[in-house]
There are 2 protein chains.
Amino acid sequence: MAATIKDIAKKIGKTTTTVSRALNDYDDISEETKELVRKAAAELGYIPNTMAQRLQKRQTDTIGLIVPTSGPRFSDPFFSEFIAGIGNTASRRGYDLLVSTRAPGDLELETYRQHIRSHRVDGFIIVRTRHEDERINILRKSGFPFTSFGRANCELDFSFVDEDGEQGMKLVMEYLAKLGHKRFGVISPPSNLEFSRYRLKGIWDKAAELGIAAHDISILEGDLTQRSGYEITNQLLDQPRFPTAIIACNDLMAFGAMSAAQERGLVVGSDVSITGFDNIPMSEYSHPPLTTVNQPIYQIGTTVCEMLIRRIRGETTEVEQILLTPSLIVRQSCGPAPMA
Amino acid sequence: MAATIKDIAKKIGKTTTTVSRALNDYDDISEETKELVRKAAAELGYIPNTMAQRLQKRQTDTIGLIVPTSGPRFSDPFFSEFIAGIGNTASRRGYDLLVSTRAPGDLELETYRQHIRSHRVDGFIIVRTRHEDERINILRKSGFPFTSFGRANCELDFSFVDEDGEQGMKLVMEYLAKLGHKRFGVISPPSNLEFSRYRLKGIWDKAAELGIAAHDISILEGDLTQRSGYEITNQLLDQPRFPTAIIACNDLMAFGAMSAAQERGLVVGSDVSITGFDNIPMSEYSHPPLTTVNQPIYQIGTTVCEMLIRRIRGETTEVEQILLTPSLIVRQSCGPAPMA
DNA sequence: TTGAAAGCGCTAACAC
DNA sequence: GTGTTAGCGCTTTCAA
């Protein structure tokens, strides 16, 4: 049986109140008593009962993350890095991280509602925001603390971190155009993901600016997996006037694109240029190393968690919104457009 | 304010005792009362306060997973899949999943101890067991419920799931030998990881069986990242009598190995053969697709979680130990040994 | 079939 | 400075 505050009280002949306050370092307790309590606590190997504390304080010291899984085999390096960022920050600040996995849908939303109502967590972190994101609607209505990685198409009266995907894609387009590319294939994220819109907007706007005609840009929708990058690239390259540059909206799809191209005997970086987005660690060691847009996922996890904790603790009431400026990481997966 | 059991009691003019028992479907409560209670609960939108329940029941309905992170950028598809497997199973069985991230070391062990003593979780899942695994020692001594993915070099008196890595490597060696390879490079996992021993044992034993000399096998230790696969392959290929087959002990390192080889202008699958281990989804869409050993990570997560819950609930007291038989997934990253 | 009473382990308002 | 008392929301004897 674990020692309780009562055992300590008994041992030193004081009340539980005194012990509690000594342990929490209240200043209406004498130094001697505190010392006494601390010693007794150490001897008994006392550790507070978390659930009792939480019940009493009506807070859970827990942050909730519901990972939107897609499919049974959910293998995405993005999430392990994001979770690491959140997890390390949470524990440094004394919070637990409660992770659930749910496919987007009714069950997912029900899980949010339940966690809110049953006081399972003090706040949520939302990831991969969607167009008309019901999660955010629920959270906003409930007044429950949350922060998100990604913006949404509702009123942005909450705290978030996002990277400026529009700008990121403009960098990519500009770079490829400078290399002489005229026909582009785009492997877009699922269109219901909010960041998809920003990225596509960046592409279209920059294309317009550069005088690239709409029919020289073919956009096909992927699902962010390597597999879909592979399959879509095959479609793209099967077209009669196939693109010389393929813009994948994340690194995983870019890897798939490289495989598809290489399988056809094309040399990536000269016969065809391919770009990614995220700059996951793997992208540095692909063949060829991938030109991509940097997105500091670990740090975004850190920041978004930090912001949430500040809100939960009431250390700030202001809405914090951070839009990161992307940078292009040039490696060897792109080269001058081949002669037609 | 969320409705409590008290509100329900007041509303229907019964005591909290009755309500509690009705809600928990005790059979000393009349059907009518139960109906009444359920209706009132629904109307008030009642959801039990988790912390109160947990305090009272002295259990947390929570499973702990402490992910052994390595380095700040922790990007490993292995873990997202493993977490998905555990998470889905846990929630199906009514458990929460508490995830922490800790680099192996004292702080990590301290976290285990604290979580045990403060009743933060009901049991642990251990992943990536190590040689002389202090985590397992702590858990065994404390009598705290846990299961692991991976064996350990102590007395195996606990439940685990593991894949027979020795057998897996024998399959690889056999396959490569049959293709005519005579000189092998091995990119091993960190030697402190328990599975490293099994895999190396498989390689040595099969080599002996096939009459392959020890000096024809160079083993260099990686850290499971793509980067280390890349770097080690460069070392391997810099040797005067370089290997014609490179055996990477996980898929990520195999990808790195492919990049390094390709960067030197070697054709993977003919100039040099490369194998992996894990069969992560990506391995199907690399270029060339990777020959590897299947390891059903999602399903292992499911099983190990299921086993833990059975122990926690006391549904079984027996130790369950599952050793999965691996299978070789032959793709295009290997070919006949080139003429010397 | 139901209610009264106690208690899980902790904190906090208030009194002394 | 320290103790008294109450209570967080729930479950569970025990008695009626």
Side-chain angles (χ1 to χ4, degrees), chain A residues 1-38 40-41 44-62 94 96 114-122, chain B residues 1-38 40-41 44-62 94 96 114-122:
Chain A
M1 280 298 100
T4 73
I5 214 175
K6 219 166 164 178
D7 300 321
I8 302 181
K10 201 163 291 169
K11 177 158 183 169
I12 62 170
K14 302 265 174 189
T15 57
T16 59
T17 317
T18 307
V19 174
S20 169
R21 282 194 293 213
L23 254 16
N24 290 305
D25 208 27
Y26 279 46
D27 32 62
D28 59 354
I29 300 289
S30 73
E31 241 340 293
E32 311 146 58
T33 317
K34 279 185 189 170
E35 201 43 59
L36 206 62
V37 168
R38 277 193 281 260
L44 293 171
Y46 169 78
I47 295 196
N49 180 307
T50 318
M51 296 310 149
Q53 286 182 315
R54 292 178 176 176
L55 172 59
Q56 154 66 31
K57 297 238 213 96
R58 253 140 308 187
Q59 65 184 32
T60 62
D61 297 329
T62 302
D96 282 343
Q114 293 216 2
H115 280 201
I116 294 172
R117 317 255 341 256
S118 64
H119 300 282
R120 237 185 192 57
V121 300
D122 289 344
Chain B
M1 281 299 101
T4 73
I5 215 176
K6 217 165 164 181
D7 299 322
I8 302 181
K10 201 163 290 169
K11 177 158 183 169
I12 62 171
K14 301 264 176 191
T15 57
T16 58
T17 318
T18 307
V19 174
S20 169
R21 283 195 293 216
L23 255 15
N24 289 306
D25 208 26
Y26 279 46
D27 33 62
D28 60 355
I29 299 289
S30 74
E31 244 334 300
E32 310 147 57
T33 316
K34 281 186 188 170
E35 202 41 62
L36 206 62
V37 168
R38 278 193 281 260
L44 293 172
Y46 169 78
I47 296 196
N49 179 308
T50 319
M51 297 308 149
Q53 285 183 315
R54 290 176 178 179
L55 172 58
Q56 157 65 31
K57 297 233 214 100
R58 254 139 308 187
Q59 65 184 31
T60 62
D61 296 328
T62 302
D96 282 344
Q114 293 217 0
H115 280 201
I116 294 172
R117 318 255 340 259
S118 64
H119 300 282
R120 237 186 192 56
V121 300
D122 289 345

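FYI, side chains are in, hydrogens and waters are out, and symmetry mates aren't considered; it's all heavy atoms of this structure. Labels below follow one simple rule: chain letters A, B, ... track the order of the sequence lines, proteins then strands, and each chain is numbered from 1.
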- Message: Working to the nearest 0.5 angstrom, can you tell me the gap between A:Lys57 NZ and A:Asp122 CG?
- Response: 10.0 Å

- Item | Inter-residue atom distance B:His119.NE2 - B:Thr62.OG1, 0.5 Å rounding | 13.0 Å

Between protein and nucleic acid, restricted to nucleotides 12-16 of chain C and to nitrogen or oxygen atoms under 3.5 Å apart, what atom pairs and distances do you find?
residue	atom	partner	partner atom	Å
C:dA12	OP2	A:Tyr26	OH	2.5
C:dA12	N6	A:Thr17	OG1	3.0

- Message: Please list, in numerical order, the residues of residues 48-55 of chain A that have a heavy atom closer than 4.0 Å to any atom of DNA chain D.
- Response: A:Leu55

- Item | Those residues that, when tested against B:Thr18, pass side chain to side chain contact (heavy atoms under 4.5 Å, CB included) (two or more places apart) | B:Lys14, B:Thr15, B:Ile29, B:Thr33

Closest heavy-atom pair and its distance - [X], [Y]:
{"X": "B:Ala2", "Y": "A:Arg117", "answer": "CB-O, 4.3 Å"}
{"X": "B:Leu23", "Y": "B:Ala41", "answer": "CD1-CB, 4.4 Å"}
{"X": "A:Ile8", "Y": "A:Tyr46", "answer": "CD1-CG, 3.7 Å"}
{"X": "A:Ala22", "Y": "A:Val37", "answer": "CB-CG2, 3.7 Å"}

- Message: Would the distance check show the side chain of B:Arg54 and the main-chain N or O of A:Leu55 forming a donor-acceptor pair, the cut-off being under 3.5 Å?
- Response: no

Rounded interatomic separation in angstrom, taking [atom1] from [X] and [atom2] from [N]:
{"X": "A:Ile47", "N": "C:dG9", "atom1": "CD1", "atom2": "P", "result": "15 Å"}
{"X": "B:Asp25", "N": "D:dT12", "atom1": "CG", "atom2": "P", "result": "14 Å"}
{"X": "A:Lys10", "N": "D:dG3", "atom1": "NZ", "atom2": "C1'", "result": "16 Å"}
{"X": "A:Lys14", "N": "C:dT11", "atom1": "NZ", "atom2": "P", "result": "18 Å"}
{"X": "B:Ile5", "N": "D:dG7", "atom1": "CD1", "atom2": "C1'", "result": "16 Å"}
{"X": "B:Ile29", "N": "D:dT12", "atom1": "CD1", "atom2": "C1'", "result": "12 Å"}
{"X": "B:Arg58", "N": "C:dC10", "atom1": "CZ", "atom2": "C1'", "result": "14 Å"}
{"X": "B:Leu36", "N": "C:dT2", "atom1": "CG", "atom2": "P", "result": "10 Å"}

- Item | Inter-end axis angle, the helix from C:dT1-D:dA16 to C:dC16-D:dG1, with every axis fitted to five base pairs (rounded, 10 degrees) | 40°

- Nearest nucleotide by nearest heavy atom, which residue falls closer to the 5' end of DNA chain C, A:Leu23 or A:Lys6? A:Lys6

- Pairwise salt bridge (charged side-chain N to carboxylate O under 4.0 Å, His left out) hits with a residue in residues 24-33 of chain A, at least two apart: A:Arg21-A:Asp28, A:Asp25-A:Lys34, A:Glu31-A:Arg38

- B:Met51: which of A:Met51, A:Gln59, A:Gln56 passes side-chain contact (heavy atoms from CB on, under 4.5 Å): A:Met51

- Query: What pairs with A:Arg120 under side-chain hydrogen bond (donor to acceptor under 3.5 Å, both in side chains), at least two apart in sequence or on another chain?
  - Reply: A:Ser118, B:Thr50, B:Asp96

- With respect to the phosphate group of D:dG3, does any side-chain polar atom (N or O) of A:Thr18 fall under 4.0 Å of OP1 or OP2? yes

